[in-house]
Amino acid sequence: MKTLIEFINEEQSHIPNASGDFSRLMNDIGIAAKIVNREINKAGLGDIMGYEGTANVQGEDQKKLDVYANNEFIKALKNGGQCCAIASEENEGLVTFENKLSNDGQYVVAMDPLDGSSNIEVNVSIGTIFSIFKRKTKPGSPGTVEDLLQPGNQLIAAGYVIYGSSTMLVYSTGNGVNGFTLDPSVGLFLMSHPNMKIPGGGKIYSVNEANYIYFPDGVKEYLRYCQEDDAKTNRPYTTRYIGSLVADFHRNLIRGGIYLYPGTRKNPNGKLRLLYENVPVAFLAEQAGGKATDGFRRILDIRPKALHDRTPLFIGSKHMVEKAEYFMDYFSKEFKPEDTE
Ligand code: AHG
Ligand code: MN
Ligand code: MN
């Protein structure tokens with residue numbers, strides 16, 4: 001079986017004059033994923049579960065593993081030297097480095113080091129999500145916020161690690177989506193899911209239905225549609241909701257389905273963060289033949305105004321997302337952002 005490193009090198013060989021910097025960066029992400037995986041596997045045995053006693057910029061209490069994963073990914077990217085700045089869910093400002101190697105780095109990374117951290121204590125899948133862009137500013141000095149505030153259509157690569165019943169790294173550089181499963185006995189990611197494609201339709205819808213009363217009418221009507229009895233179109237569908245975006249997205253990517261985190265009147269932008277949650281999974285969805293929008297606009301065309309911007313997310317099988325968009329357009333025009341064509 002092909003290893004992750006072999007695959008990265010093979011992809012590099014197709015790019016004339018590639019410096020190898022991107023390959024090294026991807027390799028570093030793979031190494032950090034293995035270190036974080038090792039610690040997650042031990043959660044429950046040592047003193048790694050529970051709260052750190054601090055809050056992040058979004059006011060969310062940080063778990064010890066949130067902080068641990070954040071530190072490990074930052075360390076790996078710093079030591080590698082290809083990355084000149086990092087935006088992380090766990091850091092209010094940009095993370096930059098005081099060394100020449102990193103300041104010469106061509107790339108910037110946005111990441112959610114541990115996604116679904118509320119699931120740690122109950123042994124349910126969690127993940128890491130990342131976006132990689134080329135810097136806009138000249139190498140030679142630390143990266144800037146401007147380097148990160150790029151729309152997803154400028155991505156060089158994006159992916160996630162899912163720490164589940166097995167640990168997988170799924171990523172894309174814009175040539176389809178490939179999945180690698182960690183073989184813990186040899187400590188290598190091996191290609192297990194080449195050229196992943198999301199089914200055009202599906203039966204699964206994933207949403208935190210407890211928020212129903214706050215949802216826009218378009219989402220309420222779409223959920224009613226999902227629950228209607230119609231044998232011809234396989235309805236009623238079925239609900240699956242884990243509460244880890246990575247795990248919910250991964251399941252729907254393989255099985256077909258839609259994941260929704262809508263905006264509400266109180267929180268018109270929803271909960272999920274654009275740069276390091278929505279953009280990377282949107283890139284993977286599209287690369288796998290699926291679709292990702294905020295109900296009206298393609299996620300990858302939205303330019304972030306700040307590092308921790310949020311947007312609603314409707315993502316998954318193309319036909320299912322289009323159906324939800326139809327309901328949003330018909331019943332919830334007032335949620336349409338002003339800059340939508
Ligand atoms: P994080 O653990 O990185 O803060 O992300 C949690 C996110 C996402 O993974 C998940 O889909 C969503 O929050 C769940 O939110 P609700 O509990 O509101 O459903
Ligand atoms: Mn998250
Ligand atoms: Mn997180």
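Ligands are counted one by one from 1 in listed order, and the atoms in each one are counted from 1 as well. Values in this document were obtained by computation on a predicted structure and should not be read as measured data.
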**Leu114 N/O/S atom closer than 2.8 Å to the Mn ion (ligand 3)** = yes
**Asked** Salt bridge check: are Asp104 and Lys100 linked by an N-O gap of less than 4.0 Å?
**Response** yes
**Request:** Establish, from distance only, whether the side-chain atoms of Glu11 and Thr173 form a donor-acceptor pair under 3.5 Å.
**Result:** yes
**Prompt:** Going by the angle between their ring planes, with limits at 30° and 60°, are Tyr225 and Phe327 parallel, tilted or perpendicular?
**Reply:** tilted
**Message:** Can you confirm whether or not the ring centre of Tyr160 sits under 6.0 Å from the ring centre of Phe130?
**Reply:** no
**Complete:** Looking at Asp112, the N/O/S atom that lies nearest to the Mn ion (ligand 2) is called OD2
**Message:** Given the Mn ion (ligand 2) as the apex, I'd like the angle to OD1 of Asp115 and OE2 of Glu277, rounded to 10 degrees.
**Reply:** 110°
**Message:** Which residues pass the side-chain contact (heavy atoms from CB on, under 4.5 Å) test with Tyr330, not counting sequence neighbours?
**Reply:** Tyr326
**Asked** When you look at Phe180 and His193, which way does the ring pair (Phe, Tyr, Trp, His ring centres under 6.0 Å) test go after all the steps?
**Response** CA-CA 6 Å; Phe180 300 81; His193 295 62; 9.6 Å; no
**Fill in**
Looking at Glu89, the N, O or S atom sitting nearest the Mn ion (ligand 3) is OE1
**Asked** Do the charged groups of Glu228 and Arg224 touch, with an N to O distance under 4.0 Å?
**Response** no
Quick one: table the atom pairs, ligand 1 N or O against protein N or O, below 3.5 Å, distance rounded to 0.1 Å.
unit_1, atom_1, unit_2, atom_2, d
ligand 1, 2 (O), Gly116, N, 2.8
ligand 1, 2 (O), Ser117, N, 3.0
ligand 1, 2 (O), Ser117, OG, 3.3
ligand 1, 3 (O), Glu89, OE1, 2.9
ligand 1, 3 (O), Asp112, OD1, 3.3
ligand 1, 3 (O), Asp112, OD2, 2.9
ligand 1, 3 (O), Leu114, O, 3.3
ligand 1, 4 (O), Glu89, OE2, 3.1
ligand 1, 5 (O), Asp115, OD1, 3.2
ligand 1, 9 (O), Asp115, OD1, 2.6
ligand 1, 9 (O), Asp115, OD2, 3.3
ligand 1, 9 (O), Leu245, N, 2.8
ligand 1, 11 (O), Leu245, N, 3.2
ligand 1, 11 (O), Tyr259, OH, 2.7
ligand 1, 13 (O), Lys271, NZ, 2.9
ligand 1, 15 (O), Lys271, NZ, 2.9
ligand 1, 18 (O), Tyr261, OH, 2.5
ligand 1, 19 (O), Asn208, ND2, 2.7
ligand 1, 19 (O), Tyr241, OH, 2.5

**Request:** Salt-bridge test for Glu286 and Arg298: reply yes if a basic N is under 4.0 Å from a carboxylate O, no otherwise.
**Result:** yes
